[in-house]
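Beneath this line is the structure, given in structure tokens, with notes to follow.
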Amino acid sequence: MSATKVQSLYLFRKSNKWTKGVGASLPEEYKKFWKEWKVQEPTAVHYIKEEGKYTRNEETGEVYPVQNVPIPVKYPKEFSEFILGGEAIVQGFIKRGKYYRRTPHFWFPQLRKSILYSEVLDTYIRTIITLRTINLIHENYGFDHYLLKTPACDLKSHLALRLKREILIALADKTLYPNDEAKREEVYNKYSQYLSSYTREEIEWYGLTFNDACKKYIEMHGNKKNIVEPLKIKYRSELIAKLKENNIEEAQGVDVSLPDKKDGTWLSKWNPFQKTSETK
């Protein structure tokens, strides 16, 4: 085997959800959101991120490269309906004394029930949050500002992304406060600055999970591309066309569509799996 063929085997990429099925047809607007949600590096929450490329030990004078390795965290499925401000479960080990072995330990964020108010949607949301979420809302001067300023990788949860999508759609279509024009203009002017980061098509696909995006694409374009025509229909039509070209009398006037199972045409006799007689 030549070196070129061997190299091509190593460069062969396995198929994934983005290269086959409906995922391969999803628009670039959704892929942009996916990169912001799953690929972009989130803000450091469970560790202190060091700046620069190198750091120096003041006692020994040794220089070390800076290695910001994120602490692995766990996100249970229940957290998708919470707004935790980037916090999650940290798994590690704890040592209770000098002569004790280390034992596995989990650090859980402190959860609390709360009610949040969205000024754009003019609605209250009862959910579970953390103290860090409250601090972030106060730092951004409101719940709507917090959602619109924070990237998807930091919001993380499905609930927060759905709310952000609804807020962006309400601002883009200007459907907020339908019965109060003065309030609508006031709130729109307050938050319209965030629309400059998105197009209307990007907002339409923002905040959707992969399954929801696939369902949306199928509803928009139908399921025609996924319908596979059986090869027997193709081969049958080619056979009938050749028989007609040779002026076979039995093939004249025969429809290309599949015959009924109960018909007694001459073509049905060619099927070796067809029952010759009905069982009584």
Side-chain angles (χ1 to χ4, degrees), residues 33-52 55 66-171 187 190-191 193-194 197 206-212:
F33 160 72
W34 183 270
K35 291 178 182 178
E36 179 187 336
W37 186 24
K38 297 294 186 178
V39 179
Q40 183 176 331
E41 183 180 357
T43 305
V45 176
H46 303 91
Y47 67 101
I48 300 175
K49 186 175 181 180
E50 296 186 22
E51 301 297 335
T55 182
V66 173
Q67 297 180 355
N68 291 311
V69 181
I71 296 178
V73 294
K74 296 184 178 295
Y75 292 93
K77 62 180 181 179
E78 292 82 6
F79 280 20
S80 61
E81 297 303 321
F82 303 161
I83 303 178
L84 304 181
E87 293 191 66
I89 299 175
V90 179
Q91 180 183 5
F93 296 89
I94 188 171
K95 197 171 183 180
R96 303 186 183 279
K98 182 178 180 181
Y99 301 103
Y100 290 86
R101 288 186 176 182
R102 64 176 188 173
T103 56
H105 188 78
F106 292 90
W107 286 267
F108 292 84
Q110 295 182 358
L111 307 179
R112 57 190 66 190
K113 295 181 180 180
S114 181
I115 298 177
L116 304 174
Y117 175 70
S118 173
E119 188 178 12
V120 176
L121 301 178
D122 190 25
T123 184
Y124 292 90
I125 301 99
R126 183 189 298 272
T127 184
I128 295 177
I129 62 176
T130 61
L131 181 60
R132 186 173 189 273
T133 305
I134 298 176
N135 295 334
L136 290 173
I137 292 174
H138 291 328
E139 289 176 7
N140 291 280
Y141 304 101
F143 181 57
D144 297 84
H145 284 295
Y146 162 66
L147 291 179
L148 294 172
K149 286 183 180 179
T150 308
C153 59
D154 290 333
L155 292 176
K156 197 71 178 180
S157 72
H158 298 166
L159 174 61
L161 293 173
R162 287 199 304 268
L163 291 173
K164 184 175 180 178
R165 180 175 183 269
E166 292 180 11
I167 291 173
L168 289 172
I169 291 177
L171 291 172
V187 177
K190 185 177 180 180
Y191 297 98
Q193 55 181 319
Y194 299 104
S197 302
Y206 195 92
L208 299 177
T209 63
F210 183 81
N211 292 334
D212 292 340

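- Checked by atom type and distance alone, the side chain of N68 never pairs as donor or acceptor with a backbone atom of K49 at under 3.5 Å.
- When the options F79, W37, Y75 are evaluated for a ring-ring contact (aromatic ring centres under 6.0 Å, His included) with H158, the one that passes is W37.
- Between the CG atom of L208 and the CZ atom of R162 there is a distance of 10.5 Å, given to the nearest 0.5 Å.
- The two atoms that bring A88 and P109 nearest to each other are O-CD, 3.5 Å, heavy atoms only.
- With hydrogens and angles ignored, the 3.5 Å screen pairs a side-chain donor or acceptor of T133 with a backbone N or O of G85.
- Within 6.0 Å of atom CD in Q193, more than 12 heavy atoms from other residues, nucleotides or ligands are found, so the atom counts as buried in its surroundings.
- In this structure, the side chains of L84 and S157 stay at 4.5 Å or more apart for every pair of heavy atoms.
- Between L147 and N140 the shortest side-chain heavy-atom distance does not fall below 4.5 Å.
- Going from atom NZ of K156 over to atom NZ of K38 covers 5.0 Å, rounded to the nearest 0.5 Å.
- At a threshold of 4.5 Å between non-hydrogen side-chain atoms, the residues L155 and Y146 count as touching.
- At most 12 heavy atoms of other shown residues, nucleotides or ligands fall within 6.0 angstrom of atom NZ in K35.
- The aromatic rings of Y117 and Y124 are tilted relative to each other, their planes meeting at an angle between 30° and 60°.
- By the 6.0 Å contact criterion, NZ on K74 is open, its count of non-hydrogen atoms from other residues, nucleotides or ligands being 12 or less.
- Taking 4.5 Å as the limit, some side-chain heavy atom of L136 sits within range of a side-chain heavy atom of E139.
- The closest donor-acceptor contact from the side chain of D154 to the backbone of G86 lies at 3.5 Å or more, if one exists at all.
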How far apart are the C-alpha atoms of L161 and F33, what are their side-chain angles, what is the distance that settles it, and do they pass the side-chain contact (heavy atoms from CB on, under 4.5 Å) test?
CA-CA 11 Å; L161 293 173; F33 160 72; 4.0 Å; yes
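- In plain terms, the two heavy atoms of S118 and D144 that are nearest each other are OG-OD2, 2.8 Å.
- In this structure, the separation between OG on S114 and CD1 on I134 is 5.5 Å, given to the nearest 0.5 Å.
- For Y191 and H145, the ring centers are positioned less than 6.0 Å apart.
- Atom CZ of residue F108 and atom CD of residue Q91 lie 9.5 Å apart, to the nearest 0.5 angstrom.
- Between the OG1 atom of T130 and the CZ atom of R112 there is a distance of 8.0 Å, given to the nearest 0.5 Å.
- Contact of the P151 side chain with the Q40 side chain is registered, since non-hydrogen atoms from C-beta on lie closer than 4.5 Å.
- Nearest heavy-atom pair, E87 versus V45, reported as atom, atom and distance to 0.1 Å: CG-CG1, 4.0 Å.
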For L171 and L148, what are the C-alpha separation, side-chain angles and deciding distance, and is it a side-chain contact (heavy atoms from CB on, under 4.5 Å)?
CA-CA 11 Å; L171 291 172; L148 294 172; 4.3 Å; yes
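- Between T127 and E81, the closest side-chain pair of non-hydrogen atoms is not below 4.5 Å.
- Scanning both residues, V90 and H46, for their nearest heavy atoms gives CG2-CD2, 3.5 Å.
- In this structure, the side chains of E119 and F143 stay at 4.5 Å or more apart for every pair of heavy atoms.
- Looking at L116 and L163, their side chains never come closer than 4.5 Å, going by heavy atoms from C-beta outward.
- Here the straight-line distance linking atom CZ of F93 with atom OG1 of T103 works out to 9.0 Å at 0.5 Å rounding.
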